[in-house]
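Below is one structure, written out as structure tokens; the observations come after it.
Just so you know, these numbers use all the heavy atoms, side chains as well, and skip hydrogens, waters and symmetry mates. Whatever order the structure lists ligands and atoms in, that order sets their numbers, starting from 1.
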Amino acid sequence: MVTSDSFFGGAPEVNASAPGRVNLLGEHTDYNDGYMLPVATPQRTTVALSRSNDGHFVFYSSTLDANVTFAPEGSAPSGFGSYIEGCIRLVEAEGVQVPPLRVWVSTDVPVGSGLSSSAALEVATLRALRQMLGFELDDVKLARIAQRAEIEFARVNCGIMDQMASSLADESNMLFIDARTLEHRLAPLPPDAEIIVIDSGIARKLAGSKYNERRAECEEASRKLGVTALRDVQDPASVETLPEPLRRRARHVVQENLRVLEAANGVSLERFGELMDASHFSLRDDYEVSIPELDELCALLRAQEGVVGARLTGAGFGGACVALCKAGYAQRAAEAALNEYNKNGRQGRLLIPVPHEGKENNESV
Ligand code: GLA
């Protein structure tokens with residue numbers, strides 16, 4: 001493994017970082033112009049930059065121990081380099097001249113768990129570029145460019161939630177996001193709440209999953225209902241007229257938006273937990289993006305003392321579950337649920353609260 005010092009031959013010109021995100025409520029709502037409530041993870045991605053003196057772009061991921069080198073008129077092969085190159089090319093498209101760079105990346109945001117390691121890499125890269133080159137870029141525009149890097153360069157047709165969360169959320173508040181207007185505000189977590197996140201150990205393949213199919217179903221449902229996006233459905237009962245599976249897909253989105261709006265206004269810890277449970281059941285039964293392992297993990301979490309609710313977080317089809325519990329209960333509840341889940345050879349692992357040995361255990365970009 002190459003350290004930052006040896007990669008740069010001393011200190012880099014700039015260093016920036018950005019967190020991953022855990023979405024507490026509002027799943028599959030962002031590409032329907034809806035609402036969501038993520039928080040930032042304690043795990044972060046760091047990007048260090050210096051001007052390159054051999055005329056080439058050189059990217060190094062210390063987490064993967066992998067190198068990418070290309071000439072300014074060339075491009076990075078797919079992999080971690082395409083996210084970084086995407087950010088560079090899109091900043092250039094904004095009229096900023098970017099010199100050939102050496103880029104060093106390190107992260108403890110787990111990959112494939114649904115905690116948005118890619119958004120953390122994009123946002124950290126853009127922050128580092130902004131710092132080094134001194135151009136104006138507010139945090140919302142930064143999130144938009146990060147999302148375009150993911151769509152146009154990494155070829156993942158994502159919504160805006162992950163990049164908005166990585167750019168604007170913090171660890172101790174929820175970030176309420178309106179995906180249509182990009183209005184956002186920090187909202188306090190329910191009183192005395194603690195967050196648990198457990199990776200199911202089942203890798204989630206967003207690009208290859210049914211994510212795009214769900215997006216297309218939502219668009220079709222909107223067309224049939226005569227609205228721009230499912231966020232615009234005024235009467236929740238109107239979705240019941242749709243043919244299957246559009247009826248259930250639209251019902252999930254409409255009800256999920258209502259859950260977020262209720263939670264964002266401030267509810268008790270117990271009520272927040274009920275909304276999370278309802279979200280999970282809706283993702284399982286109506287949106288059909290859960291898998292048995294996520295259902296089981298959530299059920300095990302709900303059975304622990306102090307836990308008020310649990311749901312899958314992120315796109316689904318694998319990845320992590322998030323639970324909310326009373327302050328002081330997280331460690332014990334998470335360990336008990338995990339022990340039970342990992343019987344029969346499963347590979348679940350605790351992500352939040354961050355285990356002491358967490359950094360060494362995470363293999364990521
Ligand atoms: C992924 C996408 C997000 C969002 C979630 C589902 O994380 O990147 O834009 O659509 O799935 O809520």
Atoms in ligand 1 flagged as close to Met161, the criterion being non-hydrogen separation under 4.0 Å: 4 (C), 5 (C), 12 (O)

Under 3.5 Å: N/O of Glu27 near N/O of ligand 1: yes

Looking at ligand 1, does any of its N/O atoms fall within less than 3.5 Å of an N/O of Gly159? yes

Would you say the rings of Tyr211 and Tyr31 are close, in the sense that their centroids are separated by under 6.0 Å? yes

How many angstroms lie between atom CG of Leu351 and atom CD1 of Ile196, to the nearest 0.5 angstrom? 12.0 Å

Determine the interplanar angle of the Phe176 and Tyr35 rings, folded into 0 to 90°, and report it as parallel if under 30°, tilted if 30 to 60°, perpendicular if over 60°. parallel

Numbered atoms and elements of ligand 1 in range of Arg21, under 4.0 angstrom, heavy atoms: 7 (O)

If you measure every N/O of Tyr211 against every N/O of ligand 1, is any gap under 3.5 Å? yes

Measuring only between side-chain heavy atoms, which start at C-beta, is Arg346 closer than 4.5 Å to Glu293? yes

Hey, does Asp162 come in under 3.5 Å of ligand 1, counting only N/O atoms on both sides? yes

More than 12 heavy atoms of other groups within 6.0 Å of Arg185 CZ: yes

Just wondering, more than 12 heavy atoms not from Arg144 lying within 6.0 Å of its CZ? no

In ligand 1, the atoms that come under 4.0 Å of a heavy atom of Tyr31 are 10 (O)

Charged N-O contact under 4.0 Å between Glu335 and Arg332: no

Arg215 to ligand 1, any heavy atom closer than 4.0 Å: no

Closest to atom 9 (O) of ligand 1 (judged by heavy-atom distance), picking from Val289, Asp30, Ile160: Asp30

